[in-house]
Novice: 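Quick one: this structure, given as structure tokens, is what I'll be asking you about.
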Amino acid sequence: MLHNFGSINLDHIYRVPHLVTPGETLTSHGYRVGLGGKGANQSLAMARAGGQVRHWGRLGRQDAWARDLLEASGVDVDSVELVDEPSGHAIIQVDDAGENAILLFPGANHGFNEANLEARLAEASPGDWLLAQNECIALPYLFEAARERGLHIAFNPAPMTADAAELPLEACRLLFVNRSEAEILTGLPAGSAASALLDALASRLPATETVLTLGGDGAWYQVGETRHFQPPMPVTPVDTTAAGDTFIGYYLAALQDGEGPEACLARAAAAAALGVQRSGAAESIPEAAEVAQWQRQTQPQTPNTP
Ligand SMILES: OC[C@H]1O[C@H](O)[C@H](O)[C@@H]1O
């Protein structure tokens with residue numbers, strides 16, 4: 001069982017001709033509300049991939065439909081608390097090129113404290129995996145408590161903040177970062193080569209398995225001196241929202257299946273490539289059978305070196 005300490009958001013998604021600029025008033029040409037939150041998306045992706053995942057989350061009582069949706073997808077929601085606070089939500093603009101900009105209101109996601117985390121931690125056994133992102137609070141406490149209990153920590157420092165960069169990341173067994181997160185963690189300038197980012201990450205976190213996702217430039221796995229490259233899949237994105245979450249959920253489910261890093265990367269990349277061809281966050285996450293079929297149909301490009 002993997003325990004995912006993660007946000008649950010209601011995503012308000014606006015289709016726009018371009019991302020709104022400061023001082024501009026822009027009319028959207030599409031709007032809908034769906035389930036989102038990096039935590040919920042990652043749990044849902046893991047469950048759709050066939051993984052065993054228990055979500056630790058907090059949600060406004062009036063939005064129980066979001067918990068029901070997670071449960072219907074196979075997520076264990078016994079530790080999703082319905083509370084008398086507003087749910088977290090996100091205002092998401094998606095432009096005609098599939099790029100997005102996201103504004104978050106944390107709401108109930110920021111209601112965690114040491115007492116309710118202790119109750120959740122009591123459900124975990126030594127050797128279990130604990131996944132976290134950076135949309136909930138109390139992460140320093142969680143890292144310390146998880147380490148003391150012998151849990152394996154997987155962390156996705158998204159959205160990246162100065163506080164997340166200061167966490168004791170060496171406590172992580174597995175770290176998922178995208179380009180901008182890696183640049184902040186390493187202090188390297190924007191646009192740095194993948195090889196430079198990987199070198200700097202290895203030097204800061206020599207024992208941590210690190211997965212660096214680069215969107216259209218593929219993804220890398222590394223631990224110590226070992227590296228594997230996953231080539232990009234040639235797709236035209238409609239909406240990249242939750243692509244990273246889909247990747248992480250599928251990667252962890254493959255890991256839970258006993259797969260090695262190359263197979264985990266391949267499955268995760270195929271799922272994310274399918275997801276970006278659909279609109280929405282949770283609703284864009286594909287089912288395992290679709291991913292398996294896509295993997296069979298798709299020939300990856302030739303691997304190269306960073
Ligand atoms: O990663 C995508 C997610 O980021 C924000 O948390 C939104 O809720 C959205 O679902």
Side-chain angles (χ1 to χ4, degrees), residues 4-16 19 30-49 53 55-60 63 65-67 69-70 73 75 80 85-95 98-112 131-137 139 154-161 164 175-182 211 213-215 219 237-252 268-269 271-286:
N4 183 9
F5 172 57
S7 57
I8 307 173
N9 289 336
L10 311 187
D11 283 358
H12 296 258
I13 305 168
Y14 300 83
R15 294 298 309 206
V16 288
L19 303 182
Y31 167 72
R32 66 179 188 288
V33 181
L35 172 64
K38 294 182 195 305
N41 296 337
Q42 291 177 23
S43 281
L44 195 91
M46 199 174 162
R48 286 204 173 143
V53 54
H55 193 90
W56 300 357
R58 301 178 87 249
L59 186 64
D63 300 313
W65 64 267
R67 183 187 63 176
L69 208 157
L70 284 169
S73 296
V75 177
V80 174
E85 294 163 45
S87 300
H89 74 254
I91 307 284
I92 304 181
Q93 302 173 51
V94 182
D95 72 13
E99 275 306 323
N100 65 47
I102 302 179
L103 173 68
L104 287 177
F105 170 72
N109 295 314
H110 275 197
F112 278 99
L131 170 64
Q133 311 76 29
N134 194 29
E135 285 186 347
C136 293
I137 55 170
L139 288 176
F155 184 50
N156 171 218
M160 179 55 95
T161 55
L175 183 73
F176 294 97
V177 284
N178 65 17
R179 171 180 288 286
S180 62
E181 290 151 6
V211 177
T213 56
L214 298 171
V238 169
D239 181 353
T240 56
T241 310
D245 302 330
T246 302
F247 185 103
I248 291 168
Y250 265 82
Y251 187 102
L252 289 166
L274 268 178
V276 299
Q277 296 175 71
R278 300 166 184 178
S279 293
E283 63 194 305
S284 73
I285 298 169

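Numbering of ligands and ligand atoms starts at 1, following listing order.
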Novice: Is the shortest N/O to N/O distance between T241 and ligand 1 below 3.5 Å?
Specialist: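 Between T241 and ligand 1, no N or O pair is found under 3.5 Å apart.
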Novice: If the threshold is 4.0 Å, N to carboxylate O, is there a salt bridge linking R278 and E283?
Specialist: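 Salt bridge flag = no for E283 with R278.
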Novice: Quick check against the 3.5 Å criterion: does T241 have a side-chain atom that pairs as donor or acceptor with the backbone of G280?
Specialist: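 No, T241 side chain to G280 backbone: no donor-acceptor pair under 3.5 Å.
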Novice: Give me the nearest non-hydrogen protein atom to atom 1 (O) of ligand 1 as residue plus atom name, then the distance to 0.1 Å.
Specialist: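 It is D245 OD2, 2.7 Å.
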Novice: Identify the protein heavy atom lying closest to atom 9 (C) of ligand 1, giving its residue, its atom name and the separation to 0.1 Å.
Specialist: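 Answer, as residue, atom name and distance: D11 OD2, 3.3 Å.
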Novice: Between S7 and ligand 1, is there a nitrogen or oxygen pair with a distance under 3.5 Å?
Specialist: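 By distance alone, the answer is no.
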Novice: Taking a cutoff of less than 4.0 Å between a non-hydrogen atom of the residue and any ligand atom, is G37 in contact with ligand 1?
Specialist: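 Judged by the 4.0 Å heavy-atom criterion, G37 does count as contacting ligand 1.
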Novice: Hey, is the main chain of A164 close enough, under 3.5 Å, to the side chain of T161 for a donor-acceptor pair?
Specialist: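 Side chain of T161 to backbone of A164, a donor-acceptor pair under 3.5 Å: yes, one is there.
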Novice: Quick check on A242 - does any of its heavy atoms sit under 4.0 Å from an atom of ligand 1?
Specialist: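 For ligand 1, residue contact (heavy atoms, under 4.0 Å) with A242 is present.
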Novice: Sub-3.5 Å donor-acceptor pair from the side chain of S87 to the main-chain atoms of N9, do we have one?
Specialist: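 Absent.
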Novice: What class does the angle between the rings of Y31 and Y14 fall in, given that below 30° is parallel, 30 to 60° is tilted and above 60° is perpendicular?
Specialist: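 Rings of Y31 and Y14: tilted, 30 to 60°.
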Novice: If the cut-off is 4.0 Å to any non-hydrogen atom of G36, which atoms of ligand 1 fall inside it?
Specialist: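 Matching atoms, with element in brackets: 8 (O), 10 (O).
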Novice: Does ligand 1 have an atom that lies less than 4.0 angstrom from a heavy atom of L35?
Specialist: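 No, L35 has no heavy atoms under 4.0 Å from ligand 1.
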Novice: E135 heavy atoms, cut-off 4.0 Å: which ligand 1 atoms fall inside?
Specialist: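 By the 4.0 Å cutoff, the relevant atoms are 4 (O), 5 (C), 6 (O).
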